[in-house]
Amino acid sequence: MKYQRPKGTRDIYARELKRIEKINSLAREFFEAGGYIEMKTPTFEYAELFARSVGENTDIVEKEMYVFEVNKRKYVLRPEGTASVLRAFIENNLSAPARIFYIGSMFRKERPQKGRYREFLQIGVELLGEGAPFYDAEMVEQAKRFLDLIRARDFTIEINSIGCPACRKLYQKKLLMFLKPKMNQVCEDCQRRFQRNFLRIFDCKNETCQQVYTDAPKITDNLCEQCFEHYTQVKRFLDSLSVQYIENKKLVRGLDYYTRTVFEFKIPGLGAQNTILAGGRYDLLMKQLGGKDIPCLGWAVGVERLLLTLPQHLPEIKLKKKFFVIGMGERFINEMIKIRNQIQNKDGICILGDPDTTIKRQLKRANRFDTDFVIIYGEDEEKKGYYTVRNMQSGEQKPVLKDNFPEYLKKLL
RNA sequence: GUGAGUGUAGCUCAACUGGCAGAGCAUUGGACUGUGGCUCCAAUGGUUGGGGGUUCAAGUCCCCUCACUCACCCCA
């Protein structure tokens with residue numbers, strides 16, 4: 001094999017592509033009905049943008065971005081959508097509150113595994129300029145409705161509050177006091193995590209680490225008064241909205257910019273990558289990127305992971321009927337074309353057989369193409385002025401007068 | 001970046017302790033000259049991922065390398 005696609009990328013075609021397009025179009029309708037506008041931001045951005053938003057010392061920035069340099073300027077293929085949307089919001093002087101959604105490829109240079117690619121599709125939404133707890137709850141409810149719409153099943157909703165920098169600072173001290181004597185019991189990764197992004201230790205998959213953390217103080221129980229009040233109200237609104245959720249005090253986020261409410265939607269049976277949708281509040285990011293000091297929140301869903309969880313036939317895709325035109329000799333070409341055009345104009349799928357070959361061979365082709373109906377045209381048909389229409393499933397076959405064919409077609413389609 | 005597993009025909013996979021590289025499906029042709037699927041017969045199809053080594057002999061053992069898969073890190 002001479003050429004191969006780059007590691008972690010996919011060639012998407014036929015049914016798979018149709019399913020993705022279907023999800024995308026459902027998403028568009030869904031978000032537009034909710035008053036959101038679609039935004040397309042560039043696939044690449046200046047590298048600084050993500051260092052500042054996602055976090056200087058997250059792995060995404062340190063080792064997972066596709067960085068390239070042109071004329072001494074550093075660019076990256078975007079690893080996520082939020083930073084770009086905020087940048088665009090600021091740069092285009094949009095007014096808050098703004099409701100924006102996006103659909104597009106993101107890029108991360110990770111080792112691929114199940115449900116993980118180096119180029120992957122995300123659908124995301126951002127609600128810029130709303131700080132009230134009602135909107136936290138509404139976004140969770142919106143995410144749930146979206147998954148319901150595309151008929152994802154068996155997902156669980158986990159929520160938590162990771163507070164603001166003020167409560168986190170006090171909490172960090174408390175956690176350190178608890179963990180200091182136990183540091184030698186946790187894995188190397190956790191020791192490193194504690195230095196860089198200390199909340200992430202709760203994400204560790206190591207069981208002995210988790211045992212240590214079970215008794216550790218949680219950020220959720222150490223929120224400042226305002227954050228606590230906010231979180232309480234978010235949960236109250238979720239109850240009013242009849243959203244079933246699990247409160248997971250160990251739930252944290254990998255990106256640096258999150259504050260207060262965070263949530264993840266998980267589905268079992270996906271291997272290690274069981275989070276299909278995630279989001280939360282990021283009240284400080286807008287200002288950090290040079291915009292006004294306004295609170296924001298959002299979520300994003302990984303399309304590939306989503307598709308892994310949906311049964312093959314979902315989302316429903318209307319199948320067009322397939323036709324195959326058999327001509328019994330080159331001199332029937334014009335009539336074959338005429339038949340084909342009639343079918344295609346009425347939104348049917350139609351391909352032509354090679355009139356130089358036998359009817360047997362053409363039928364075989366038609367069969368392999370998974371044809372619904374075959375139209376046969378040859379000397380007999382010419383003489384008597386009809387088309388022979390063969391139903392490939394039942395094998396039934398009958399002559400249809402040329403004049404009646406458009407009418408007959410309508411019934412078949 | 002780290003670890004484990006797997007690479008044999010277009011696809012799915014066999015091949016004992018190192019001893020002639022095979023089967024099913026698919027493809028092509030025929031049985032069957034304007035009628036596909038089913039059946040039967042036959043044919044085509046291979047640098048065993050690549051390179052090196054050990055050996056009389058390597059798909060099999062050793063080393064290197066590439067790719068894929070899963071997991072870790074990280075994350076949707």
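Below, all heavy atoms of this structure are taken into account, side chains as well, without hydrogens, waters or symmetry copies.
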Next on the checklist: With a 4.0 Å cutoff (strictly under), does any side-chain N or O of A:R118 reach OP1 or OP2 of B:rA76?
Outcome noted: no
Checklist entry - What nucleotide, of B:rG34, B:rC73, B:rU28, holds the atom closest to the side chain of A:D189? => result B:rC73
Checklist entry - Closest approach of A:F50 and A:A83, non-hydrogen atoms and distance? => result CE2-CB, 3.7 Å
Item to check | Phosphate OP1/OP2 of B:rC72: any A:K205 side-chain N/O under 4.0 Å | outcome: yes
Next on the checklist: Heavy atoms from C-beta onward define the side chain here; which of B:rC73, B:rA76, B:rU35 lies closest to that of A:Q397?
Outcome noted: B:rU35
Checklist entry - NZ/A:K40 to CD1/A:I103 distance, rounded to the nearest 0.5 angstrom? => result 6.0 Å
Checklist entry - Hey, does the side-chain of A:R390 have a donor or acceptor N/O within less than 3.5 Å of a partner on the base of B:rG36? => result yes
Checklist entry - Of the candidate nucleotides B:rU35, B:rA76, B:rC68, which contains the atom at the shortest distance from the side chain of A:K7? => result B:rC68
Checklist outcome for this item: Comparing nearest nucleotides in RNA chain B, the 5'-proximal residue of the pair A:K360, A:N391 is A:K360
Checklist outcome for this item: Looking only at heavy atoms, the pair that brings A:R116 and A:R111 closest together is CD-O, 3.2 Å
Checklist outcome for this item: Checking B:rC70, B:rA76, B:rC68 against the side chain of A:K114 (C-beta onward), the nearest is B:rC70
Checklist entry - With respect to the phosphate group of B:rG29, does any side-chain polar atom (N or O) of A:R361 fall under 4.0 Å of OP1 or OP2? => result yes
Checklist entry - How is A:Y377 classified with respect to the nucleic acid when contacts are heavy atoms under 4.0 Å: base, sugar-phosphate, or nothing? => result nothing
Next on the checklist: Nearest to the side chain of A:R368, heavy atoms from C-beta on, is which of B:rU27, B:rC70, B:rG34?
Outcome noted: B:rU27
Checklist entry - Does A:Q113 place a side-chain N or O at less than 4.0 Å from the phosphate oxygens OP1/OP2 of B:rA71? => result yes
Checklist entry - So what does A:E188 hit on the nucleic acid, given a heavy-atom distance under 4.0 Å: a base, only sugar-phosphate, or nothing? => result nothing
Checklist entry - Angle class for the A:F134/A:F237 ring planes (parallel below 30°, perpendicular above 60°, tilted otherwise)? => result perpendicular
Next on the checklist: Using a heavy-atom cut-off of 4.0 Å across all strands, would you classify A:M106 as base, sugar-phosphate, or nothing?
Outcome noted: nothing
Checklist entry - Side chain of A:L363: nearest nucleotide among B:rG34, B:rG36, B:rC72? => result B:rG36
Checklist entry - A:R111 side chain: which of B:rU35, B:rG3, B:rC75 is closest? => result B:rG3
Checklist entry - Out of B:rG36, B:rC75, B:rU28, which has the shortest distance to the side chain of A:R200? => result B:rC75
Checklist entry - For A:D380, which contact category applies under a 4.0 Å heavy-atom criterion: base, sugar-phosphate, or nothing? => result base
Checklist outcome for this item: 5'-most contact on RNA chain B (nearest-nucleotide basis), A:G378 vs A:G8, goes to A:G378
Checklist entry - For A:E304, which contact category applies under a 4.0 Å heavy-atom criterion: base, sugar-phosphate, or nothing? => result nothing
Checklist entry - Is the shortest side-chain N/O distance from A:R193 to OP1 or OP2 of B:rC73 below 4.0 Å? => result yes
Checklist entry - In terms of side-chain heavy atoms of A:T358, which of B:rG34, B:rU28, B:rC74 is nearest? => result B:rG34
Checklist entry - How far does CD of A:E126 sit from CG of A:L86, to the nearest 0.5 angstrom? => result 6.5 Å
Checklist entry - Choosing from B:rC74, B:rC72, B:rG36, which nucleotide comes nearest the side chain of A:A272? => result B:rC72
Checklist entry - Counting any heavy atom closer than 4.0 Å, what does A:I276 reach on the DNA or RNA strands: base, sugar-phosphate only, or nothing? => result sugar-phosphate
Checklist entry - Do A:F101 and A:Y36 make the cut of ring centroids closer than 6.0 angstrom? => result no
Checklist entry - With no angle test and no hydrogens, is the base of B:rC75 tied to the side chain of A:R305 by a donor-acceptor pair under 3.5 Å? => result yes
